[in-house]
Amino acid sequence: MMRWKSVSALVIHLSLLIAYASRLPVVYALADTFAPGEIWRDTQGIPINAHGAGFLYDRGTYYWFGEFKVAGSAGNKAHVGISCYTSKDLYHWKDRGIALKVSGDPDSDIADGSIIERPKVLFNTQTHMYVMWFHLELKGQGYKAARVGIAVSKKPAGPYTFLRSFRPNGEMSRDMTLFQDDDGSAYLVTSSEDNRTMHVSRLSDDFLSTTNEFHRIFVDQVLEAPAIFKYKGKYYFVGSHCTGWAPNPAVSAVSDSIFGPWKMLGNPARGPKADITFGSQSTYVLPVYGKKGAFLFIADRWNPGNAIDGRYIWLPIHLESEGFTIPWQTRWDLSAFPNFN
Ligand code: DGJ
């Protein structure tokens, strides 16, 4: 009797093991989770190549725009352009190709070998155009040009047509983001004055230029990598200090107006390597569509020696009474947000 029991137990264990093992690849392929810092593959199994990301939500689809990097340190410059991926659920991303191509004309502002960083896209309801802004550095000039570039498309995934590059309000502009407020107005938030001070400018109604007004924020704080989100009438900022490609402690702030005054809140990162923002630098805060209080912190773990292998750090933002934290998670999903369903 004993022998029969142990044989059947063994059979049960073995069959459970086989069933579990046979499910493993399926579970992996369909994983509805985020694994910050691990290689993240698109729906074809190719690592996602979209750094310094910006996002657009358009009619049920998320669009992820980013710097398409090539291997080695050559990847720190633009040799291909801005890539685009789409997703319905934020976990699985389909490659939609290159949304904005670098130009083959060596005299173009966006020539192969220029620097094109941190693309951000908004839809303009007046012109029905998708408008992309990005940080642009002219070929062969390092980071001296300090401009923004603008490109437009009739379709969200592109192809985008480059329009022009310039210094907004005649002022230097490096790391940048766009923020669209509830009333539809849009703003450029950018590291200016040689990165010493940020400028916030309201965009023109067609989103193709800044208006002639800018506000200086974080004066003399030397910040970059700006990302803005809004919750319950308050504006929140996350950014970084300026240490090139090397990570440093993130910075957060809150304000009643995008123009300030901003109240500094310190480094929101929590957990291992929080002092260097988990080895990453902010690029965007993505609101989950239709889910109040659900915001994703989106950052880059740069790899300047092999730019193509930069990794993505996506983490849930934990909102607090005034301010927020970003706790480290090795693997997580959208149920991490309170009352998410
Ligand atoms: C940090 C910026 O945030 C990046 O976008 C890039 O410009 C690097 N500096 C270059 O060192």
Side-chain angles (χ1 to χ4, degrees), residues 49-55 64-70 72-83 100 102 109-110 113-121 132-149 165 167-168 171-179 188-199 217-218 221-228 237-253 267-269 276-285 297-314 326:
N49 193 336
H51 310 262
F55 293 80
W64 173 352
F65 300 92
E67 305 157 21
F68 186 98
K69 307 268 197 190
V70 300
S73 58
N76 298 317
K77 300 211 166 80
H79 296 294
V80 178
I82 300 300
S83 51
L100 174 70
V102 296
D109 287 359
I110 57 162
S114 61
I115 294 174
I116 300 177
E117 294 181 339
R118 297 179 178 269
K120 307 290 178 256
V121 175
M132 179 189 286
W133 287 59
F134 50 88
H135 170 195
L136 178 76
E137 298 292 347
L138 301 175
K139 185 177 180 176
Q141 297 187 22
Y143 280 83
K144 255 175 57 191
R147 295 188 186 200
V148 288
S165 82
R167 283 187 167 185
E171 300 279 327
M172 296 173 90
S173 176
R174 292 201 182 107
D175 278 12
M176 48 128 304
T177 195
L178 297 181
F179 174 76
L188 171 73
V189 180
T190 186
S191 295
S192 191
E193 303 179 27
D194 223 354
N195 288 353
R196 287 212 70 79
T197 294
M198 287 208 177
H199 289 182
I217 61 170
F218 309 123
Q221 305 250 357
V222 195
L223 301 179
E224 61 181 6
I228 306 268
F237 168 91
V238 59
S240 75
H241 301 279
C242 294
T243 51
W245 298 113
N248 59 58
V251 174
S252 65
N267 180 1
I276 51 165
T277 322
F278 324 113
S280 72
Q281 186 183 33
S282 45
T283 184
Y284 201 78
V285 172
F297 170 73
I298 306 227
D300 293 282
R301 184 174 287 167
W302 302 114
N303 186 346
N306 187 22
I308 195 174
D309 194 28
R311 302 293 174 86
Y312 313 106
I313 305 295
W314 288 30
I326 306 169

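Remember, it's 1-based here, ligands and their atoms both numbered in the order they're listed.
The aromatic rings of Trp302 and Trp245 sit perpendicular to each other, their planes meeting at more than 60°, with 30° as the lower class boundary. Ring planes of Trp64 and Trp314: tilted class, angle from 30 to 60°.
For ligand 1, the 4.0 Å heavy-atom shell takes in Glu117, Arg118, Tyr143, Asp175, Glu224, Gly244, Trp245, Gln281, ordered by chain and residue number.
Listed for the His199 side chain is no donor-acceptor partner under 3.5 Å among the backbone atoms of Glu171. Side chain of Ser173 to main chain of Arg167: no donor-acceptor pair is present (N/O by atom type, distance under 3.5 Å, no hydrogens or angles).
Between the side chains of Lys69 and Ser83, not a single donor N or O lies within less than 3.5 Å of an accepting N or O.
Taking the six-membered ring where the residue is Trp, the centroids of Tyr312 and His51 are separated by under 6.0 Å.
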